[in-house]
Peer 1: 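This is the structure I have questions about; it appears just below.
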Number of protein chains: 2
Amino acid sequence: MPNDHETGFIPSGENRPALTVDVVIFALYNNDLKVLLVKRPSAPFKDSWALPGGFVKTSESLEDAAARKLAEETGVTAVYTEQLYTFGAIDRDPRMRIVTVAYFALVPYESVAVQITHAKPDGSARWFSLKDRPDLPFDHPKIVDYALQRLRYKLEYTSVGFQLLPDEFTLSQLQKAYEIVLDEPLDKRNFRRKILAAGVIEETGEKTKEGEGRPARLYKYGDDSVAEIKSRRLFP
Amino acid sequence: MPNDHETGFIPSGENRPALTVDVVIFALYNNDLKVLLVKRPSAPFKDSWALPGGFVKTSESLEDAAARKLAEETGVTAVYTEQLYTFGAIDRDPRMRIVTVAYFALVPYESVAVQITHAKPDGSARWFSLKDRPDLPFDHPKIVDYALQRLRYKLEYTSVGFQLLPDEFTLSQLQKAYEIVLDEPLDKRNFRRKILAAGVIEETGEKTKEGEGRPARLYKYGDDSVAEIKSRRLFP
DNA sequence: TCAAAAGTGTTCCGAATACACCCATGA
DNA sequence: TCATGGGTGTATTCGGAACACTTTTGA
């Protein structure tokens, strides 16, 4: 017996699940991994902190929708964004059937903080520590947990960690970023050897000017840095 | 400025993308990796071979929708199924905006072949070799490619390969399955050592009765076999 | 007794790990 | 001159890869 799709039947209007995107936006600040949450201005869960998200327009792709939400909340564009998973439990939203495509994004804190403060002086968007996050509505806790798991996984197997730092950074900063996200200390010499062996960052030739101690070399990541290091995991 | 989601505005009817699931169903047969395709009975791409798929009902979860399509096409239930990716380019379907959540499934060929022949004697569903597949409509080629990539990845890093075999199997059959999917020969002794070290299969105590040569021990996979071997990849 | 497939250990090599001291700068 | 963080090499261990012969059965 042919089914709906095969017969060309298309369910219309209210017989379709609605479709949203939610974005888990990570940044590093103050030696801590932060996630960006927004305050819900309306029911359900009015005034709860929740993941930024919204309905997908028929005129935009999923990636565009995620990038739009990211830009609306942070003002930044062209940061690392990756589809996470699509959540579609029938009761995940009390209003109606809503399926959400979750994305996660990595942004350099410095490029976002000011814009949030300026664009949202009402405090409707805020960074929260992952270790001290508020109760989240819907299935957002599950989404955040999954995003964190994926971030750690990506960090171990790929070069994606650079995306949390400014354009130029020192190896110590990079190591610190990895340590914060993975929540474990790393050996300095081994870290440097592996990161440099991966060949995805290059010296700028500059050194840090300020700060105590010996000035550090500055590095930047190449254009191919978004590409994954499929061949071997960076940190086992 | 608050956006749609935040103000509680819900787009209705035709302003929502439609939502489908598509399932890439893999099986092994005749020393080859096969994918199940169905013949489209209606426009667009009438009579083309395409991935089994259909609209998500508002009363079923995404997993349920995928399982339903799988059961409709193969008659089997409770096989390994995993969400692959969600494809949402705006022009991926010429009719209208349709977002599809792709799944991939691994089925033991023996448990499906008869059911297809009986349930679909019109030949509207068929196994195709991945090396000799017909041109597919929509973005289905991309979906199949991605599913194959993910299957290979999963096979290297997890124990999921058992799902392509019948309940009881020999180590040689298992190795053959891995070799077919990965498309490369594997060392017998290393394969056995690693598979057994993973601890996810156990001897049944039985041996094969028929066939040439020395009878082989039969193995089955434990209840936890669906769980991933996160700790270490099986085959580098 | 032969063909055909099952079963079994060891060596080698490369990568990951653990580990401690000197260097450059500003206060 | 000292406090602070930057920068460097080696020995050991462990896991992956390569590799060939014996065993069991049916014909």
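Just so it is clear: chains get the letters A, B, ... in the order the sequence lines come, proteins before strands, and each one is counted from 1.
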Peer 1: If the condition is salt bridge (Lys or Arg N to Asp or Glu O under 4.0 Å), which residues does Arg214(A) pass it with, not counting sequence neighbours?
Peer 2: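 By the salt bridge (Lys or Arg N to Asp or Glu O under 4.0 Å) rule, Arg214(A) matches no residue at all.
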
Peer 1: Can you measure Lys194(B) atom NZ to dC14(D) atom C1' for me and round it to whole angstrom units?
Peer 2: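 Result: 14 Å.
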
Peer 1: Going 5' to 3' along nucleotides 3-12 of chain C, which nucleotides have protein heavy atoms under 4.0 Å from the base (write B), which only from the sugar-phosphate (write S), and which from neither (write -)?
Peer 2: -BBBBBBB--

Peer 1: Side chain to side chain donor-acceptor pair (under 3.5 Å) with Thr208(B): which residues, sequence neighbours excluded?
Peer 2: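 Listed in chain order: nothing, the list is empty.
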
Peer 1: Please say whether more than 12 non-hydrogen atoms of neighbouring residues, nucleotides or ligands are located less than 6.0 Å from CG in Asn30(A).
Peer 2: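 Above 12, so yes.
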
Peer 1: For dT25(D), does either OP1 or OP2 sit under 4.0 Å from a side-chain N or O belonging to Lys209(B)?
Peer 2: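 Indeed not, no polar side-chain atom of Lys209(B) lies that close.
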
Peer 1: Without decimals, in angstroms, what is the distance between Leu174(A) CG and dG5(D) P?
Peer 2: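 Rounded to the whole Å, the gap is 18 Å.
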
Peer 1: Who are the ring-ring contact (aromatic ring centres under 6.0 Å, His included) partners of Tyr219(A), not counting sequence neighbours?
Peer 2: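 ring-ring contact (aromatic ring centres under 6.0 Å, His included) list for Tyr219(A), sorted by chain: empty.
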
Peer 1: Does Arg126(A) have any side-chain contact (heavy atoms from CB on, under 4.5 Å) partners at least two apart in sequence or in another chain, and if so, which?
Peer 2: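 side-chain contact (heavy atoms from CB on, under 4.5 Å) list for Arg126(A), sorted by chain: Trp49(A), Phe128(A).
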
Peer 1: Excluding sequence neighbours, so at least two apart, what forms salt bridge (Lys or Arg N to Asp or Glu O under 4.0 Å) with Asp187(A)?
Peer 2: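 Here no residue qualifies.
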
Peer 1: Phe191(A) has an atom CZ; how far is it from atom C1' of dA18(C), in whole Å?
Peer 2: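 Answer to the nearest Å: 17 Å.
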
